[in-house]
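Right, one structure below, let's go through it.
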Amino acid sequence: ALPISGPVPSPRANHGAALDKLGRIVIFGGYQDGSYSNDVYIIDVNEGKWIKPFISGTAPLPRESFSFTRV
C-alpha cells in the first residue's frame, strides 16, 4: 500500500470526486456521520499526501448524490 500522510477525511458516502489538471483527486461533500457535508479534500497520489485546502468565499450548501466536472 502507498503510504499517505496528511489530514485524512472521515468516511463518507455519495460524495463527488474529480481529477484536477495536476493529476490530484478532489473530493467534495457527501454523507458522513449522519449529516451532509460540504468539505473539500485533495489527495495527491504523486506526493503521497492528503490536503485540506483553505477555501474562501461562500461555500456551497452541504450535499450528497451529485456530480461535478472539471473544466
Side-chain angles (χ1 to χ4, degrees):
L2 177 67
I4 303 289
S5 64
V8 178
S10 62
R12 63 195 62 216
N14 303 323
H15 57 280
L19 192 64
D20 73 7
K21 294 178 182 179
L22 300 175
R24 304 174 305 178
I25 301 169
V26 179
I27 296 171
F28 172 77
Y31 188 78
Q32 60 185 12
D33 300 325
S35 63
Y36 302 107
S37 171
N38 68 345
D39 59 4
V40 176
Y41 284 87
I42 299 169
I43 185 165
D44 187 329
V45 293
N46 296 313
E47 297 290 327
K49 64 181 176 180
W50 280 103
I51 302 164
K52 176 80 169 108
F54 173 77
I55 306 296
S56 62
T58 303
L61 294 174
R63 64 193 71 205
E64 71 164 338
S65 299
F66 63 95
S67 64
F68 66 99
T69 305
R70 174 182 67 103
V71 291

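For clarity, every value in this text was computed on a predicted model and none was experimentally measured.
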Using 0.5 Å steps for rounding, measure from the [atom1] atom of [X] to the [atom2] atom of [Y].
X     : Y     : atom1 : atom2 : answer
Ser37 : Arg12 : OG    : CZ    : 4.5 Å
Ile42 : Ile25 : CD1   : CD1   : 11.0 Å
His15 : Tyr31 : NE2   : OH    : 15.5 Å
Arg24 : Asn46 : CZ    : CG    : 10.0 Å
Thr58 : Ile55 : OG1   : CD1   : 12.5 Å

Are Phe28 and Tyr41 close enough that their ring centres sit under 6.0 Å apart? no

Are Leu19 and Val45 in one and the same hydrophobic cluster, where Ile, Leu, Val, Met, Phe, Trp and Tyr link if side-chain heavy atoms are under 4.5 Å apart? yes

Should Val8 and Ile51 be counted in the same cluster of Ile, Leu, Val, Met, Phe, Trp and Tyr side chains packed under 4.5 Å apart? no

Heavy-atom closest contact (Glu64 atom, Asn14 atom, distance): OE1-ND2, 2.8 Å

Please lay out, stage by stage, how Asp39 and Gln32 fare under the test side-chain contact (heavy atoms from CB on, under 4.5 Å). CA-CA 11 Å; Asp39 59 4; Gln32 60 185 12; 3.7 Å; yes

Determine whether Trp50 and Ile27 make a side-chain contact, defined as any pair of heavy atoms from C-beta on separated by less than 4.5 Å.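 Of all side-chain heavy-atom pairs linking Ile27 with Trp50, at least one is under 4.5 Å.
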
Using atom types as modelled and distance alone, determine if a side-chain donor or acceptor of Arg63 lies under 3.5 Å from a backbone N or O of Tyr36. no

